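Note that the structure is predicted; figures quoted are calculated from it, not measured.
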Amino acid sequence: MRRQARDFARSSTNVLVNAIAPGLIRTRVAVNLAKEGSSMEKAYTEPSILGRMGEATEIANAALWLSSEECSYMTGELLRISGGMTAAL
C-alpha cells in the first residue's frame with residue numbers, strides 16, 4: 001500500500017491510497033457465535049477496550065471520510081477501527 005501511495009502521489013492522478021483494518025464487526029455470523037453467556041462472547045468482546053463489537057456503519061462512516069475532501073492530505077495510511085484492540089496489546 002505504501003508503494004502505491006508513493007507511486008500515485010508522484011503522478012498527476014490525485015489518487016490517495018489508504019486502507020481500513022476493521023476489528024470484529026457485528027454481523028449475523030458474529031452475533032450467532034457470540035450469543036450472550038456463550039464462551040465465544042467473552043472471546044469476541046474482551047480484546048476491545050470498548051467491550052463490544054463494532055457496527056458496520058462505523059466502518060462505512062470511516063470509508064466515507066477517507067473518500068471525502070476532509071481527508072485530502074492523508075495517503076499511505078492504515079486506519080485501524082477495532083474498538084481499541086491494538087491499544088490493548
Side-chain angles (χ1 to χ4, degrees):
M1 177 181 63
R2 289 182 180 163
R3 180 178 178 162
Q4 288 89 352
R6 281 192 304 269
D7 290 348
F8 280 112
R10 292 182 180 133
S11 72
S12 60
T13 61
N14 284 338
V15 173
L16 303 176
V17 179
N18 296 295
I20 296 174
L24 183 63
I25 303 303
R26 181 181 309 280
T27 63
R28 269 182 288 162
V29 172
V31 168
N32 285 336
L33 288 174
K35 287 191 173 160
E36 191 170 333
S38 75
S39 60
M40 291 301 289
E41 180 190 21
K42 185 175 181 183
Y44 273 34
T45 58
E46 191 173 84
S48 167
I49 290 174
L50 299 178
R52 66 175 179 84
M53 289 186 247
E55 300 293 335
T57 55
E58 293 169 311
I59 305 305
N61 288 335
L64 287 171
W65 176 70
L66 283 173
S67 63
S68 73
E69 284 299 315
E70 286 80 24
C71 190
S72 63
Y73 193 62
M74 183 174 160
T75 193
E77 299 296 336
L78 176 65
L79 185 58
R80 289 182 177 88
I81 307 172
S82 64
M85 292 175 86
T86 305
L89 297 177

To the nearest 0.5 Å, what is the distance between CD1 (Ile59) and CG (Leu64)?
11.5 Å
Using atom types as modelled and distance alone, determine if a side-chain donor or acceptor of Ser48 lies under 3.5 Å from a backbone N or O of Gly83.
yes
Group every Ile, Leu, Val, Met, Phe, Trp and Tyr by side-chain heavy-atom contacts under 4.5 Å, then state whether Leu78 and Val15 land in the same group.
yes
As an exercise, state the distance from OG of Ser82 to CD1 of Ile20, rounded to the nearest 0.5 Å.
12.5 Å
Met53 to Ala30 - nearest heavy-atom pair and separation:
SD-CB, 3.7 Å
Same cluster or not: Ile81 versus Leu50, using hydrophobic residues (I, L, V, M, F, W, Y) connected whenever any side-chain heavy atoms lie under 4.5 Å apart?
no
CD on Glu55 to OG1 on Thr27, rounded to 0.5 Å:
10.5 Å
When rounded to the nearest 0.5 angstrom, what distance separates CG in Leu66 from CE in Met74?
5.0 Å
Check whether any side-chain heavy atom of Asn18 sits under 4.5 Å from a side-chain heavy atom of Leu79, and report yes or no.
no
Under 3.5 Å: donor-acceptor pair, side chain of Thr75, backbone of Ala5:
no
Tell me yes or no: between the side chains of Ser68 and Glu70, is some donor less than 3.5 Å from an acceptor?
yes
For Asn14, I'd like to know if atom CG has over 12 heavy atoms of other residues, nucleotides or ligands within 6.0 Å.
no
Please check if the number of heavy atoms outside Arg52 that lie under 6.0 Å from its CZ is greater than 12.
yes
With rounding to the nearest 0.5 Å, note down the distance linking CZ in Arg26 to CD in Glu58.
9.5 Å
